[in-house]
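What follows is one structure encoded as structure tokens, with my remarks underneath.
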Protein chains: 2
Amino acid sequence: MTAAHPEGRPGPTGGPWVRTVAPTLAVVGATGGVGAVLLEILSQHADIWGEIRLVASPRSHGRKLIVRGVETEVVALDEAAFDGVDVALFAVPEWVAARWAPVAAAKGAVVVDSSGAFRSEPDVPLVVPEVNAGAARLRPRGIIANPGCTTLSMIVAVGALHAAFGLRELVVSSYEAVSGAGRAGVDALRAQLAVVAGGGRELGTHPGDVRRAVGDRMGPFQAPVALNVVPWAGDREPAEGGWSSRELAIREETRRILGLPELPVSATCVRVPVVATHSVSVHARFEHEVDVERAHEVLANAPGVVLCDSPEEAEFPTPVDAVGTDPTWVGRVRRSLDDPCALELFACGDNLRKGSALNAAQIAELVAAGLTAR
Amino acid sequence: MTAAHPEGRPGPTGGPWVRTVAPTLAVVGATGGVGAVLLEILSQHADIWGEIRLVASPRSHGRKLIVRGVETEVVALDEAAFDGVDVALFAVPEWVAARWAPVAAAKGAVVVDSSGAFRSEPDVPLVVPEVNAGAARLRPRGIIANPGCTTLSMIVAVGALHAAFGLRELVVSSYEAVSGAGRAGVDALRAQLAVVAGGGRELGTHPGDVRRAVGDRMGPFQAPVALNVVPWAGDREPAEGGWSSRELAIREETRRILGLPELPVSATCVRVPVVATHSVSVHARFEHEVDVERAHEVLANAPGVVLCDSPEEAEFPTPVDAVGTDPTWVGRVRRSLDDPCALELFACGDNLRKGSALNAAQIAELVAAGLTAR
Ligand SMILES: NC(=O)c1ccc[n+]([C@@H]2O[C@H](COP(=O)([O-])OP(=O)(O)OC[C@H]3O[C@@H](n4cnc5c(N)ncnc54)[C@H](OP(=O)(O)O)[C@@H]3O)[C@@H](O)[C@H]2O)c1
Ligand SMILES: NC(=O)c1ccc[n+]([C@@H]2O[C@H](COP(=O)([O-])OP(=O)(O)OC[C@H]3O[C@@H](n4cnc5c(N)ncnc54)[C@H](OP(=O)(O)O)[C@@H]3O)[C@@H](O)[C@H]2O)c1
């Protein structure tokens, strides 16, 4: 390793003992949207790392970013970037992860990948520490996948309820923030809002007028997202049967994380004009009878969940309240009127925190704890 | 009647025969949001009415509005306003309807009420002409209720699918436009957008910043609706079990309209920053096996439905495309991957057209046809 972090825990002589207790972390994609939140989180969490190496494309080589209060130079992604690295957090486009994660793993690093490159590989565990921490130990390829942001915005709450009541079916509809489509999504919403907010009183009441106002400010979306909702998220091409890639991913990821390979899951993903924080409306059917009081208890005691459910006082989760925070916010918990075994609820989670960077950092911390325990 | 409409169909001598073939219509609440769309629709549809009398509060007495190209004076709501009226379209607040609809009915008018005042009365039929036109004939109290806008944004499509496959369960999540909360809702969204659209790049990424920017511009909503989604619609007070009045209404109305008093229906209602047109994500389970091709056929042939389902060409319904049009737009039709008897779909309908004024006008036309057929 090049330099021990000044606030790290050096060995008695400042010598090689450091490597054992304070593993080296690489953040690959440190200059991106998820990368930025990763650096923030690494600066806030208990400091268990020795060196933290920042990696990005050659374009960013030499850029300086601050992590744990220390200015750190970004290095370009190449084999040498993984020399001596124990854990590598990947937050780069899918094709970059597909190409470089195996390289890092071959050099002995445990990779935690936030892209979709490995999420459906059977020999790559998909981990949510509050739900299936144990799965992180079995990683034959040296790679652990971080689930997608929509799944992560509800899975901690759903996992806690599953543990209590035994999940049997899930029907979910999402309200997804534009930042789920990266910085380009946020830029598109801001550009669109700038033109429609100035519009006359009638804008939004005639077909086509918002489309005309938005013009070529469509960004990564397939329809205007300002003053609109767009029932599509994920790859542009639909999968067989008309499903979006994101809808299929929610089904597959939920099954894998909960260890319920046959769980019926129906998802509909919809983009809404919210900057950050995904919301999900959930209908969950269980094996056992549920009641709201017991469900409240389960959720209130679940790590990583905040219960926010007093509609008589206008207390329910909304994106502008949940954004920038770590937990999954859950409210609107009701027992279905026609099925004593089913619950409805509404959950909000920041797609850039628990929905990506935070969960990745938690996995990395799990792995590090295993490394130092060896 | 006071004056025959110039383009009406006067009898051979311009005499009393007119009354029989061209009934008199009263529009009560002509000056409101729904009323304005009613006047527009009455001017566009085949002209079957003799006199059209415009009624509102005493505040509006003497105001002049245009209907069927003719300037018409608004009269104040009192008993005399119903003299000689055959059909009365009510588009006024609930308490006004509760007070005056029975008065109009007692004077011999058939009332079509768009408020919630009578929707759950067992002796008041709840009518959607494409689905249960026959129900309009049995009206012991002389009152017919127009269903709520969220139910109306999907019920024509769901009704067509029920006729083909036999509905067994419905799980819906809504994306409701602010105009569902009246003009005050639209004003609140515009006022909020004016402040958040000007905000810096970071607005919407920190908890509380949108709340601060929105300040006291909350309007009829219980949380900011710009850059946000709000999982609450209907009365402020939750009903037992934490349900919103709107969620319970969707269940009850759907059961009544489809004639399925035991149908399991779970609804979650969410307000979104859209001016007009409600959207609904629907999970529908049927008695019989479904396939997407056959469902497409059913929907494409259903009166009042437009199928819009080619995601590979970015064709799916969105509010800004559906707004201002009459039909229910349906897309994203998929067969559930885990249940051959279930379908997912996404529907959009303009809450001010099919969601209120259009459906009311259609009911009035049905009634008028019955009157002239007598
Ligand atoms: N946004 C979300 O809500 C979210 C949630 C979950 C998962 N994810 C996933 O996380 C990953 C990163 O997303 P993001 O939103 O942070 O994207 P982003 O803002 O576009 O950042 C991309 C990062 O990847 C780096 N990069 C790009 N091409 C590279 C290359 N050829 N070699 C090395 N580094 C390269 C960029 O470095 P330069 O600055 O040098 O170009 C940058 O650091 C994606 O796979 C995404 O799907 C995103
Ligand atoms: N907005 C929707 O999407 C929607 C959908 C379905 C059903 N509805 C229902 O339709 C009804 C009308 O809604 P809206 O949005 O059109 O409301 P609105 O814009 O506020 O209009 C209210 C109308 O009622 C009249 N009015 C108020 N108080 C009155 C009184 N004491 N006596 C006589 N007339 C009175 C008003 O006349 P002045 O102008 O003289 O005050 C105005 O014409 C409500 O019951 C609403 O729940 C609305």
Side-chain angles (χ1 to χ4, degrees), chain A residues 171 173 175 190 193-194 197 201 204-208 210-211 222-224 227-232 237-238 241-244 251 264-266 268 270 272-276 279 281 283 292 311-312 314 316-325 331-339 342 344 346, chain B residues 171 173 175 190 193-194 197 201 204-208 210-211 222-224 227-232 237-238 241-244 251 264-266 268 270 272-276 279 281 283 292 311-312 314 316-325 331-339 342 344 346:
Chain A
V171 180
S173 294
Y175 301 71
R190 298 235 187 262
L193 280 182
R201 263 188 74 101
T205 60
H206 296 290
V210 169
R211 274 198 190 263
Q222 291 173 278
L227 294 184
N228 208 18
V229 302
V230 183
W232 194 262
E237 274 306 303
W243 296 88
S244 72
R251 177 165 173 266
V265 180
S266 290
T268 298
V270 180
V272 295
V274 164
V275 176
S279 306
S281 162
H283 170 83
V292 169
E312 65 284 1
F316 29 70
T318 85
V320 301
D321 300 312
V323 69
T325 71
R332 300 301 326 279
V333 182
R334 293 149 287 156
R335 183 161 94 163
S336 306
L337 293 163
D338 306 302
D339 181 350
E344 321 296 318
F346 189 81
Chain B
V171 179
S173 294
Y175 302 71
R190 298 235 188 261
L193 280 182
R201 263 188 74 102
T205 59
H206 296 290
V210 170
R211 274 198 190 263
Q222 291 173 276
L227 295 184
N228 206 19
V229 302
V230 183
W232 193 263
E237 274 307 302
W243 297 87
S244 71
R251 177 165 173 266
V265 180
S266 292
T268 298
V270 181
V272 295
V274 163
V275 176
S279 306
S281 163
H283 170 83
V292 169
E312 65 284 2
F316 30 68
T318 86
V320 302
D321 300 313
V323 70
T325 71
R332 300 301 327 278
V333 182
R334 292 148 287 156
R335 184 162 92 162
S336 305
L337 292 163
D338 306 301
D339 181 350
E344 321 297 318
F346 190 81

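Here is the naming used below: chain letters follow the sequence lines, and residue numbers restart at 1 for every chain.
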Report the option among [options] that has the most heavy-atom pairs separated by less than 4.5 Å from atoms of chain A.
options                                    : result
Ala322(B), Ala314(B), Pro319(B)            : Pro319(B)
Asp321(B), Val272(B), Val210(B)            : Asp321(B)
Ser266(B), Gly331(B), Ala276(B), Gly324(B) : Ser266(B)
Pro231(B), Pro238(B), Gly208(B)            : Pro231(B)
Trp232(B), Phe316(B), Tyr175(B)            : Tyr175(B)

Spatial distance of atom [atom1] ([X]) from atom [atom2] ([Y]) [nearest 0.5 Å]:
X         : Y         : atom1 : atom2 : value
Thr268(B) : His283(A) : OG1   : NE2   : 9.5 Å
Thr318(A) : Gln222(B) : OG1   : CD    : 11.5 Å
Phe346(B) : Ser173(A) : CZ    : OG    : 8.5 Å
Leu337(A) : Arg251(B) : CG    : CZ    : 4.5 Å

> Looking at Val323(A) and Pro207(B), what are the two nearest heavy atoms and their distance?
Replying inline: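 Reported closest heavy-atom pair: O-CD, 3.0 Å.
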
> So which heavy atom on Asn228(B) is nearest to which on Val320(A), and how close?
Replying inline: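 Looking at all heavy atoms of both residues, the closest pair is OD1-N, 3.0 Å.
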
Examine whether an atom of [X] lies under 4.5 Å from a heavy atom of chain B, and if so say whether it belongs to the side chain, the backbone or both; otherwise answer neither.
X         : answer
Val171(A) : side chain
Pro273(A) : both
Glu344(A) : side chain

>> Would Leu193(A) and Leu227(B) count as a side-chain contact (heavy atoms from CB on, under 4.5 Å) here? Give the steps.
In response: CA-CA 10 Å; Leu193(A) 280 182; Leu227(B) 295 184; 3.6 Å; yes

>> Could you go through Ser244(A) and Arg332(B), starting from their C-alpha distance and side-chain angles, then the distance that decides it, and tell me whether this counts as side chain to side chain donor-acceptor pair (under 3.5 Å)?
In response: CA-CA 9 Å; Ser244(A) 72; Arg332(B) 300 301 327 278; 4.6 Å; no

